[in-house]
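As structure tokens, the structure follows; a few thoughts come after it.
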Amino acid sequence: GIIDKRHAAVDSGDEQIGVDSKNRREAQAFIGDDTVIWTPMKRGEWNDSVSEMTAVCTSAMLRKFKGDKPFIAPLSRAYIRDRVDIDDPIRGYQMRHSSGGWLQGFVMWTNFTTWTHFFRWDSLHPASGIPEMLRQHRRRDQCEPLLLDHDGTLARKLNEQPRSGNPSDKGIVFDTVAEIGLLGGLGCGRLLLQMALASIWKHGTYKY
């Protein structure tokens, strides 16, 4: 993998790492001499991190756990391993302590893939949950608009994207649609998400 010291510099520019200026305070906690950004280049490097990634997700949830109901880990080790084994291509970042190597957060993305010929996006279907969210929003008479595909325009454009493949082999792949498959962090999740979105945008092949 590649350890990017440029991102670890305190004076790294917001644009370089895709950090929103409003979230600069959160970023500063991780952009310094104690943290490096590692880019795993091989699937095996991600596989070696599966247990750590599971532990980070569990620890992040425990920090918010109030004890009023049974604790359930947010992501299982089996699910994380499946994503690492199946996703192709596999791209992403890890934040690690510069000297101890401890994992602080991770994000992983790939091409959107489904396992049926008959998959379609439908924001207007009741099962999507969007119509009900809109109804509740109107009942509360809230002024701020919801950022939802309220008229199905986004779903229609996604359904128009080219796709190829076989569900019995490597799945039906949408080369122009990116999917963030895994994200976990101990206070750095927003920063990692912004970095991923910036990289997806710069990649040039994705429209969504």
Side-chain angles (χ1 to χ4, degrees), residues 1-2 18 37-54 56-58 60-61 72-94 103 105-134 146-185 189-208:
I2 298 175
I37 295 173
W38 180 42
T39 306
M41 303 302 293
K42 299 178 181 178
R43 193 176 300 274
E45 293 174 331
W46 283 103
N47 265 315
D48 292 342
S49 304
V50 167
S51 294
E52 287 181 286
M53 293 159 70
T54 308
V56 163
C57 292
T58 301
M61 183 62 72
I72 300 176
L75 289 177
S76 68
R77 188 177 189 278
Y79 176 78
I80 293 175
R81 178 169 289 283
D82 280 348
R83 294 300 310 231
V84 171
D85 288 343
I86 295 173
D87 286 1
D88 187 32
I90 182 170
R91 303 183 176 100
Y93 299 116
Q94 294 184 12
L103 184 66
F106 62 91
V107 62
M108 199 177 82
W109 69 89
T110 186
N111 296 342
F112 181 83
T113 304
T114 185
W115 303 94
T116 173
H117 284 296
F118 310 106
F119 175 86
R120 69 186 179 96
W121 279 275
D122 188 351
S123 303
L124 304 182
H125 194 285
S128 72
I130 293 178
E132 180 60 26
M133 291 176 66
L134 288 170
L146 287 177
L147 297 178
L148 297 173
D149 185 24
H150 63 279
D151 60 357
T153 298
L154 177 59
R156 185 166 59 253
K157 291 181 178 180
L158 287 169
N159 286 322
E160 292 171 354
Q161 297 306 300
R163 63 193 78 182
S164 62
N166 191 319
S168 62
D169 186 16
K170 295 184 178 181
I172 306 297
V173 181
F174 292 69
D175 291 322
T176 59
V177 181
E179 175 185 0
I180 296 178
L182 294 173
L183 173 64
R190 183 186 289 112
L191 175 60
L192 283 164
L193 177 59
Q194 290 175 325
M195 290 173 56
L197 292 174
S199 293
I200 289 169
W201 178 258
K202 291 177 182 177
H203 195 265
T205 60
Y206 296 115
K207 294 183 178 179
Y208 299 95

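Worth saying up front: this structure is predicted, and the values here are computed from it rather than measured. Nothing fancy with the numbering, it's 1 onward along the sequence.
With sequence neighbours excluded, no residue forms a ring pair (Phe, Tyr, Trp, His ring centres under 6.0 Å) with Phe106. Contacts of Asp48 classified as side chain to side chain contact (heavy atoms under 4.5 Å, CB included), with partners at least two apart in sequence or in another chain: none. Residues passing the ring pair (Phe, Tyr, Trp, His ring centres under 6.0 Å) test with His203 are Tyr206, sequence neighbours excluded. Under the ring pair (Phe, Tyr, Trp, His ring centres under 6.0 Å) criterion, Tyr208 pairs with no residue, sequence neighbours left out. Evaluation of the ring pair (Phe, Tyr, Trp, His ring centres under 6.0 Å) rule for Trp46 yields no partner, not counting sequence neighbours.
Inter-residue side-chain proximity for Pro162 and Asp175 is flagged as unmet; no heavy-atom pair is nearer than 4.5 Å. Side-chain contact between Thr58 and Met61 is absent, with no heavy atoms from C-beta onward closer than 4.5 Å. Proximity of Thr54 to Tyr79: side-chain heavy atoms (C-beta onward) are nowhere separated by under 4.5 Å. No side-chain heavy atom of Glu132 sits under 4.5 Å from any side-chain heavy atom of Pro126. No side-chain heavy atom of Ser199 sits less than 4.5 Å from a side-chain heavy atom of Arg91. Here the side chains of Ile86 and Thr113 are not in contact, with every heavy-atom distance at 4.5 Å or above. The shortest side-chain heavy-atom distance between Glu45 and Trp38 falls under the 4.5 Å cut-off.
Note that the CG atom of Asp149 and the CG atom of Asp122 stand 9.5 Å from one another [nearest 0.5 Å]. In this structure, CG on Asp169 lies 8.0 Å from CH2 on Trp115, to the nearest 0.5 angstrom. Note that CD1 of Ile80 is 5.0 Å distant from CG of Leu75, once rounded to the nearest 0.5 Å. Lys157 contributes atom NZ, which lies 10.5 Å from atom NZ of Lys207 (distance to the nearest 0.5 angstrom). Considering CZ of Arg120 and CG of Leu158, their distance stands at 13.0 Å, rounded to 0.5 Å. In this structure, CE in Met133 is found 9.0 Å from OG in Ser128, a value given to the nearest 0.5 Å.
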Practice task
Carefully, step by step, assess Met195 and Ile37 under the rule side chain to side chain contact (heavy atoms under 4.5 Å, CB included).
Solution key: CA-CA 11 Å; Met195 290 173 56; Ile37 295 173; 3.4 Å; yes
Exercise for the section: Begin from the C-alpha positions of Ile90 and Thr110 and carry the test side chain to side chain contact (heavy atoms under 4.5 Å, CB included) through to its verdict. Expected result: CA-CA 5 Å; Ile90 182 170; Thr110 186; 5.8 Å; no
Practice task
Test side chain to side chain contact (heavy atoms under 4.5 Å, CB included) on Trp109 and Leu183 and set out the steps.
Solution key: CA-CA 9 Å; Trp109 69 89; Leu183 173 64; over 6 Å; no
Exercise for the section: Walk me through it: do Phe119 and Ile172 pass the test side chain to side chain contact (heavy atoms under 4.5 Å, CB included)? Expected result: CA-CA 9 Å; Phe119 175 86; Ile172 306 297; over 6 Å; no
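Contact detail for Pro131 and Ser123: the closest heavy-atom pair is CD-O, 3.7 Å. When all heavy atoms of Ala196 and Val107 are compared, the pair lying nearest together is CB-CG2, 3.8 Å.
Under the salt bridge (charged side-chain N to carboxylate O under 4.0 Å, His left out) criterion, the residue pairs touching residues 73-88 are Arg43-Asp88, Arg83-Asp87, Arg83-Glu179, with sequence neighbours excluded.
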